[in-house]
Amino acid sequence: MLEKVQADRKNKLQKVRELGVDPYGSRYDTAEPIADVLGRFDDDGEGQSADVAGRLTLIRDMGKLIFAHIRDQGGQMQICLRKNALDERSWQLAKLLDLGDLVAAAGPLQRTRTGEITVFAERLTLLCKSLTPPPEKFHGLQDVEARYRRRYLDLMTNPESREVFDRRTEIIDHIRGKLRGRGFVEVETPMMQPIYGGAAARPFVTHHNTLDADLYLRISPELYLKRLLVGGMEKVFEINRNFRNEGLSTQHNPEFTMLELYQAYADYEVMMEITEELISSAAAHIAAPGLVRRIQSWYDHGCEPGAILMWPGGQAGFDADHKAYKVIKSGRTVLPFGDEQVDFSAPFARATYDELLREHAGVSMFDGDAAREKARELGIDESNKDDAVVVNDVFEATVEDKLIQPTFVLDYPADLCPLTRRGDDERIALRFELYMAGMEIANAYTELNDPAVQEANLRRQLRGEADGETMRVMDEDFLNALLHGMPPAGGLGIGIDRVIMLLTNSKSIRDVILFPLLRPESQ
RNA sequence: GGGGGAGUAGCUCAGUUGGAAGAGCAACGGCCUUUUAAGCCGUAGGUCGUGGGUUCGAGUCCCACCUCCCUCACCA
């Protein structure tokens with residue numbers, strides 16, 4: 001069947017050529033964004049005209065009169081093609097158009113009898129003939145696997161999907177702007193590393209032929225960014241991919257985007273302020289009415305923006321089935337995430353690791369025996385694991401999914417944190433993680449800059465960590481760098497994909513990554 | 001890897017107890033100059049995920065496998 005449709009379309013393509021028209025178009029830079037056209041239309045104005053370009057999403061052919069919807073990246077509107085308004089060749093061309101073709105139409109701009117703003121074309125230009133029909137015009141592409149594997153079809157037909165990726169870009173731009181405003185410089189450090197480190201994860205391995213050397217795709221940029229602190233770069237950040245050779249889930253993609261930043265002469269308290277500012281301001285930015293208005297034009301199918309856009313009480317809101325954004329309380333930014341309402345307003349709640357563990361598990365992080373008992377009660381295998389690993393297993397099992405509202409968890413068990421400075425109490429590390437909606441979003445510490453302690457930490461193996469998942473791979477050059485003296489510093493990592501999930505109400509990380517990793521299709 | 005769910009036309013989906021594979025959209029032919037998922041008349045389109053099995057007969061029942069989704073495990 002598909003072959004037949006493609007053959008029909010190739011026939012039409014040939015007929016287009018016989019008309020002397022290039023079916024693959026060429027430069028066309030006179031078109032105006034559709035959202036702008038709809039926005040400037042004046043009901044009392046006369047002699048208005050427009051020139052728009054985009055993909056045909058709907059065609060209603062009435063013989064000598066054709067109505068069609070044309071969509072560009074910011075909006076959709078109606079065009080009308082009439083036999084007696086076009087020259088003979090253009091009319092022949094109009095009758096050969098299919099859903100999915102890219103065209104441009106120019107002519108007078110008027111409302112139709114039923115009130116829809118419409119370009120009554122006097123010029124029609126074919127920009128690209130489409131040989132494969134688009135998905136169903138009303139339901140769009142629903143099949144989840146197809147949406148991930150053939151993202152171009154998802155983007156073409158599902159505006160709410162495009163919307164998520166537009167927001168992703170806006171959020172990352174916003175974060176970069178905030179960091180630049182604080183005097184941070186963006187750097188790029190190796191993705192391919194001879195020694196991997198900075199996190200506890202299994203790496204991907206690759207090979208450089210000329211050097212005949214195995215290299216690892218980085219699991220973290222941390223050790224390189226700290227070298228830059230040694231070199232005198234006092235405020236650095238990197239937003240880039242990390243690769244971890246681990247399982248896939250709704251919260252894990254093997255390659256994911258991480259923000260890491262380091263600030264000399266700061267500590268984890270400063271990192272908390274920065275985290276709060278980045279995330280709460282990104283949420284406020286993304287919930288701003290101006291953005292909601294622009295988005296709304298996608299759903300409007302040609303009705304003028306403004307008709308649906310004024311929300312009562314100055315609140316911004318947006319509802320399209322599963323993607324909903326709202327600013328609910330004035331002065332606070334509250335966004336829905338699934339069944340939850342998450343309040344992104346600063347300041348975020350703070351609690352120590354030990355307080356939370358006592359509250360939810362009834363044991364102290366300093367009492368290894370009690371933690372083991374609790375672990376057995378929870379069905380966690382605690383044999384052959386060090387106390388700190390058992391404690392953390394209990395923490396993850398009992399506390400994590402309770403942390404829906406933004407919460408800084410402070411002061412981790414020192415044994416879990418080889419790169420972190422100890423507190424006055426040597427058993428704790430000056431580290432926090434930020435949890436939201438039960439997900440780990442950020443991780444930061446007051447950085448360890450004592451080379452002797454750092455070396456000892458890296459040499460010590462913790463029992464209970466799986467083979468190959470330890471960060472204790474000795475990086476002599478990193479230790480040498482510390483011997484030259486690294487300023488006391490705060491370091492922060494934020495999982496960008498998860499932030500995007502929270503701010504776009506996406507329950508799966510695959511919905512915020514354009515091309516998530518799936519099993520390759522066989523044959 | 002364990003558990004649960006799904007896979008039927010290009011797309012969105014029905015398919016009863018096992019008894020002749022369906023609808024809408026898209027496509028093709030025809031009518032139609034103000035339609036809104038246009039309408040009307042007609043035509044065509046299927047390896048029912050793959051491979052076995054049970055049966056007179058399998059989209060439907062059984063087994064294995066493939067892919068995706070959810071969940072658990074894994075995972076800073």
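Values in this document were obtained by computation on a predicted structure and should not be read as measured data. Sequence lines set the chain letters: A, B, ... in the order given, protein chains first and strands last, and positions in each chain run from 1.
Pairing for B:rG46 is absent, judged as Watson-Crick or G-U wobble with the two contacts each under 3.5 Å. In this structure, B:rA21 makes no Watson-Crick or G-U wobble pair, since no nucleotide meets both defining distances under 3.5 angstrom. Both distances falling under 3.5 Å, in either a Watson-Crick or a G-U wobble arrangement, place B:rG1 opposite B:rC72. Base pairing of B:rU35 is not made with any nucleotide, judged by Watson-Crick or G-U wobble geometry with both donor-acceptor distances under 3.5 Å. Pair assignment for B:rU60 gives none, since no Watson-Crick or G-U wobble pairing has each distance under 3.5 Å. Nucleotide B:rU55 forms no Watson-Crick or G-U wobble pair with any nucleotide shown, as no partner meets the under 3.5 Å limit on both distances. Across all strands shown, B:rA6 forms a Watson-Crick or G-U wobble pair, both distances under 3.5 Å, with B:rU67.
Annotation: B:rU8 and B:rG46 have their P atoms spaced 15 Å apart (nearest Å). The same atom, C1', is picked in B:rC62 and in B:rA26; the two are 38 Å apart, to the nearest Å.
Checked by distance alone, A:Asp143 brings no side-chain donor or acceptor within 3.5 Å of a matching partner on the base of B:rU12. You won't find any donor-acceptor pair under 3.5 Å spanning the side chain of A:Arg113 and the base of B:rU34, going by distance alone. The base of B:rU35 sits within donor-acceptor range of the side chain of A:Gln78, with an N or O pair under 3.5 Å.
Contact of the A:Ser161 side chain with the A:Arg151 side chain is registered, since non-hydrogen atoms from C-beta on lie closer than 4.5 Å. A 4.5 Å side-chain heavy-atom check between A:Thr112 and A:Phe120 finds at least one atom pair inside the cut-off.
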Check nucleotides 3-6 of chain B against the protein and report each pair of N or O atoms closer than 3.5 Å, with its distance, or say if there are none.
none

What does the list of N/O pairs under 3.5 Å between the protein and nucleotides 69-71 of chain B look like, with a distance for each?
unit_1	atom_1	unit_2	atom_2	d
B:rC69	OP1	A:Arg510	NE	3.2
B:rC70	OP2	A:Arg510	NH1	3.0

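Among the atoms of the strands shown, base atoms are found under 4.0 Å from some heavy atom of A:Asn443. Using a 4.0 Å heavy-atom distance criterion, A:Phe395 is classed as making no nucleic acid contact. Residue A:Ile66 is out of contact with every strand shown, counting any heavy-atom pair closer than 4.0 Å.
The side chain of A:Arg60 places no N or O atom within less than 4.0 Å of a non-bridging phosphate oxygen (OP1 or OP2) of B:rU35. Dashed line: the shortest gap from a side-chain N or O of A:Lys12 to OP1 or OP2 of B:rC28 is under 4.0 Å.
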- Item | A:Arg218/A:Asn242 under side chain to side chain contact (heavy atoms under 4.5 Å, CB included): CA gap, chis, key distance, verdict | CA-CA 6 Å; A:Arg218 73 178 188 193; A:Asn242 288 350; 3.3 Å; yes
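Taken to the nearest 0.5 Å, the CZ atom of A:Arg89 stands 11.0 Å off from the CD atom of A:Gln92.
Mapped onto RNA chain B by nearest heavy atom, A:Leu99 and A:His252 fall at different nucleotides, with A:Leu99 at the one closer to the 5' end.
Ion pairing between a basic and an acidic side chain is recognised when a charged N comes within 4.0 Å of a carboxylate O; A:Asp267 and A:Arg421 show no such pairing.
Aromatic ring orientation, A:Tyr353 versus A:Tyr412: tilted (interplanar angle from 30° to 60°).
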